[in-house]
Each structure stands twice: as structure tokens, then as C-alpha cells.
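In this text the structure is predicted, and so the values were computed from the model without any measurement. We count residues from 1, following the sequence as given.
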Amino acid sequence: MMKHTFLYIVAGMMSIGSATAQQPVYKQANAPIESRISDLVGRMTLEEKVGQICCPLGWEMYTKTGKNSVTVSEVFKQQMSKAPIGSYWAVLRADPWTQKTLENGLNPELAAKALNALQKYAVEETRLGIPILFAEECPHGHMAIGATVYPTSISQASTFNKDLIFRMGEAIGLEARLQGANVGYGPVLDISREPRWSRVEETFGEDPYLTGILGTAFVEGMQGTDYKDGRHVYSTLKHLAAYGVPRGGHNGNMADIGLRALLDEYLPGFQRAVEVGKAATVMTSYNTIDGVPCTSNTFLIDSLLRKKWGFEGFVYSDLASIDGIAGGHVAKDLQDAAIQAIEAGTDMDLGARAYATLTQAVKDGKIKEAYLDRAVSNILRLKFRMGLFENPYVSPEQAKKIVNSEAHRNIAREVAREGTVLLKNDGLLPLKKDIQRIAVVGPNADVMYNYLGDYTAPQERSKVITLLDAIKARLPKAKVEYAKGCAIRDTTQSDIAAAVAVHQYRCRHGI
């Protein structure tokens, strides 16, 4: 009897071993990651490799089919049929640009269902079954409907509290991951010393040391120490490099700085976030430095980022920044721009127009396929590290339960309180409770999105308290007169006379 039992055990072990041997190495969870990468890359066609280094815009990839149901779109199926895509950007983004609203967008539960559906299609309906990396905007909260909104980075910086920023990053990463995201764009580590630049609010300000400390804490919170735990995402540092000092203050203009300033002031934050925080992905910037586009800058991407700082992840372009290499007359055409970028070390094309030309470039002998292999390997490495080949899905129930929880809203309140800075008080504050009449004037007084910052999804009006709302609530017996006066950018929408009239009445009556 014991002999027969032993034979059964041996036969069973042989059966398991045989099944494992028949399974491709890249699908074997216990195989070394580098072996899995090598095996998978060796199985891929040229077209499949190009698909893996493309990151198209994502918000058209799902179709909402009911109040609580969602499926993949025909656009998604068409893209995946040509060559399975490596990453999608902003599937869950909602704002005027994407035309996703509270009505046609996705709540957290539906968001998780949508990304599960897309992932299922990639895993089950494509030849090699490679899962997708879903990248989402996360600079001050996941830019998705129903997610917690935190103060913008310039306010985060005013807390001077790295432990708080760590907890915030942890909460942001959790909410994004629970909805199916794998990569969170943020933090923005640009040193902002050009006040005319339109993106100052996205940065931690002008100090390299503070930016490095808080930025690293943000990264460590978002990424955690176990990529497979289902609670964290890879962080994307933005933007390499010197993006915050564009000539004339115009976004994307060249940066007029020397090498010493670049190394001593504009890069230390990135270096710390890579060396200490182990940031997994980095995004290039639109600008040029000394005439060289950052997206095709071998010195920045290869010599510094990879070889000197030891970066082990992959590099995203900014949206269409590879296209901009050709647009800036540095490349003769889009294909030449793509070749320059991938040879320099930009692994993933956000926008996906430029790298689509690389299939023909390899066939024509304009670029070695080894450059594509390098980029694909860098991307696959992060997919394997997160365990996506074994566990690509998330729980919609958990997303519904945890996203925008009271605990996360409390962290947002804490950041807001610690980041508030009173520049000047002429005795007006705090407002006296017996005030009978008060004037509220200005374009920000009652426009809720001006309180929330850029990269914020649509919000229910009842959940946002403007300055006008707050004053009316705090002074219920006072007569509150409000005049917008003008808009922030639209000069045709001005009513300065009304604002002046409200102010002059207050002055005449000494109130």
C-alpha cells in the first residue's frame, strides 16, 4: 500500500513538472523576472513590440452600458487588434477636455469594472495575453470621479510635513490602485522660478531641498514596499528637466540655464526621488536645454538618470513630446523624432503617434530592433514586478467602499489646514459675528473649480464650499453682497462697475 502511495505521489509530481515545463517561461510565476522578460520578448513580433511601447489616450476605451455596467469599446478592440497596447493614459480622467461628466463618467465601482474589462480583454483575447499598465493623473488625488481631492502641490509644500505628504501619497496610491490603475502621474518635481509660467500650482515651489524631501515622501507613500499588495501604484516623476523656468514664462519654451544650475538646483529633487524613493517611472518634459529636446536627451535619460542615479524603471514621454522633436525642427520628420527619442532612452510614447512609425523604421534598417527590445523589457519588468500576469484584476466592491473614505478626507483636511498661509491681516480677520453687511468681490469667490486646482475631476456642487458659501454660513444675519467683477482669463466677461459699486458702498458706510 505504501509503495503504491509513493508511486502516486511521484506520478503526481511528474505531472505537475510536465505541466510547468509546457507552460511558457514568461507565464511561470516562480521563474526569475529577467528570464520571463527574455522569454516573452523572444516570442513577440515586431508589431507587438511597438504596441508595448505605445500609450494612447484612454477615455474612449470603455462604453457605459447602464447605470451600473460598463464594457470595452469598439475603439479599444480595434487598437488591440492591430498590436496589443502596453499602457493607456487617463482612462478614468473626467474633465471638459475628455467630455466625461458626472453623468457619463464612471464612479469608483464602475471604474474598477471598466479597467477589469479592459484588462480581461488584453489577457484573454490577445495572442500573448500581456496585461496593460493603466496610468492615471495623481498629483493631488486621483483625477477620477468620486476620488478624494487634496490641495495642490504648492499648498502641500506649505505644510513642510513629509510624514503628512507620505500619508497623502499612500491614500492617493490606494484609491488609484483599487480602481485598477497601476501608474500614478505625480509628483511634479519641477523647480518653479518663473511666476508667469501657468503650472506653478502643480509644483512644490522654488526650493530644491524642500522639493526633494516632500517629493520623495510622496513617491514612497504611493509606491509602498510591495508592488504586489494591491494597494499601491508606480509613481511617475514629472518633468525631466528644468520645465519650470521656460523662456518668457510660456509653457514648453526652452530653458535658459547652464549645466551647473541644472545639476545643483533643478535635478536634485529628481535624483533623491530616484535614489532614495526608488521612483519606478519618470516623464520627460516638452522643453529643450541648450537646444536639445529633453525627450531625446541622452545625457539626461541615460548618463544621469540610469547610469549615475541607478534608475531601474522606464521613461514616459510627455503627451506628444516626441512629436515635438520634429515640430521644433530638431528632427526631419515624425519617424526621425521617434528614432532619436527611443535611442536616447525614452521607453514609452504617451500619445502613441510617433512610436507607431518604428515598425517601418526597423524594417527599413533605420534603427536596430535592439532599441525596441530594451524599451519593451523595461516596461515588462514593471508588469512582472506588480504581479499583473498572475493577478491583473481589482475588486469593484473594495473600490466602492474605500475610495473617498472619511479617513482619506481627513488627510485632505489636514493637508489643507497645515498648508494654509496667511500672508497679511489688516485686522479684518477673524470676522466679527456682529457684522451687519459684508462685500465679497472677485472672480474666485464663488467658482468652485478655482478652489480645487488643475487635474480635478467634476464634483457635485453640494460637496464644495466656496468663500461666498462659507461667509454666508458663518454670518447668517449679515447682508452679504457679492460681485464677481471679472473672469480669470476671459476678458469679455467683466463687470468691474458692479464690483466697484459694492466696494464703494462698504467704504462710504464704514463697513
Donor-acceptor pair, distance only, cut-off 3.5 Å: does the side chain of [X] make one with the backbone of [Y]?
X: Ser235; Y: Gln223; result: no
X: Gln52; Y: Leu380; result: no
X: His142; Y: Gly184; result: no
X: Lys308; Y: Gln271; result: no
X: Ser321; Y: Gly324; result: no
X: Arg374; Y: Ile342; result: yes
X: Gln28; Y: Asn30; result: no
X: Asp347; Y: Val315; result: yes
X: Gln119; Y: Ile132; result: yes
X: Asp302; Y: Gly345; result: no

Out of curiosity, [X] [atom1] to [Y] [atom2], how far, rounded to the nearest 0.5 Å?
X: Thr152; Y: Phe204; atom1: OG1; atom2: CZ; result: 10.0 Å
X: Leu319; Y: Ile322; atom1: CG; atom2: CD1; result: 10.5 Å
X: Cys55; Y: Ile85; atom1: SG; atom2: CD1; result: 9.0 Å
X: Ile37; Y: Lys383; atom1: CD1; atom2: NZ; result: 11.5 Å
X: Arg272; Y: Leu189; atom1: CZ; atom2: CG; result: 11.5 Å
X: Arg93; Y: Lys100; atom1: CZ; atom2: NZ; result: 13.0 Å

How far apart are the closest heavy atoms of [X] and [Y], and which atoms are they?
X: Ile301; Y: Cys294; answer: CD1-O, 3.6 Å
X: Phe218; Y: Pro139; answer: CE1-O, 3.4 Å
X: Thr357; Y: Ala338; answer: OG1-CB, 3.8 Å
X: Leu115; Y: Gly180; answer: CD1-C, 3.4 Å
X: Gln340; Y: Ile325; answer: OE1-CG2, 3.9 Å
X: Leu262; Y: Pro268; answer: O-CD, 4.4 Å

Phe389 vs Phe384 aromatic rings, parallel, tilted or perpendicular, using cut-offs 30° and 60°? parallel
Parallel, tilted or perpendicular: which describes the rings of Phe76 and Tyr88, with under 30° parallel and over 60° perpendicular? tilted
Going through the distances and angles, do His140 and Glu202 end up as a side chain to side chain contact (heavy atoms under 4.5 Å, CB included)? CA-CA 9 Å; His140 62 110; Glu202 298 177 40; over 6 Å; no
[X]/[Y] ion pair, N-O < 4.0 Å:
X: Arg461; Y: Asp446; answer: yes
X: Glu406; Y: Arg409; answer: yes
X: Asp39; Y: Arg43; answer: yes
X: Arg36; Y: Glu390; answer: yes
X: Glu397; Y: Lys400; answer: no

Taking the side chain as C-beta and beyond, is there a heavy-atom pair between [X] and [Y] under 4.5 Å?
X: Gln398; Y: Arg177; value: no
X: Lys113; Y: Asn68; value: yes
X: Val123; Y: Pro131; value: yes
X: Glu136; Y: Gln179; value: no
X: Leu102; Y: Glu460; value: yes
X: Thr203; Y: Trp197; value: yes
X: Leu452; Y: Tyr449; value: yes
X: Val183; Y: Tyr316; value: yes

Under 3.5 Å, is there a donor-acceptor pair between the [X] and [Y] side chains?
X: Arg385; Y: Tyr234; value: no
X: Ser317; Y: Tyr355; value: no
X: Tyr266; Y: Asp190; value: no

Within the supplied structure, the quantity of interest is the number of heavy atoms (other residues, nucleotides, ligands) at a distance under 6.0 Å from [X] [atom1]; does it exceed 12?
X: Gln99; atom1: CD; value: no
X: Leu263; atom1: CG; value: yes
X: Glu206; atom1: CD; value: no
X: Arg306; atom1: CZ; value: yes
X: Glu47; atom1: CD; value: yes

Take Glu74 and Lys77 through the test salt bridge (charged side-chain N to carboxylate O under 4.0 Å, His left out) and record every step on the way to the result. CA-CA 5 Å; Glu74 290 302 316; Lys77 291 179 181 179; 3.5 Å; yes
Close aromatic pair by centroid cut-off 6.0 Å: Tyr455 and Tyr185: no
Check the pair Lys162, Glu220 against salt bridge (charged side-chain N to carboxylate O under 4.0 Å, His left out), reporting the backbone distance first and the verdict last. CA-CA 11 Å; Lys162 67 176 182 178; Glu220 291 174 332; over 6 Å; no
Could you check Glu109 against Lys401 for salt bridge (charged side-chain N to carboxylate O under 4.0 Å, His left out), going step by step and ending with a plain yes or no? CA-CA 9 Å; Glu109 181 183 13; Lys401 178 181 178 182; over 6 Å; no
Give the C-alpha distance, both sets of side-chain angles, the deciding distance and a yes or no for side chain to side chain contact (heavy atoms under 4.5 Å, CB included) between Leu164 and Glu418. CA-CA 9 Å; Leu164 177 57; Glu418 292 197 20; 3.8 Å; yes
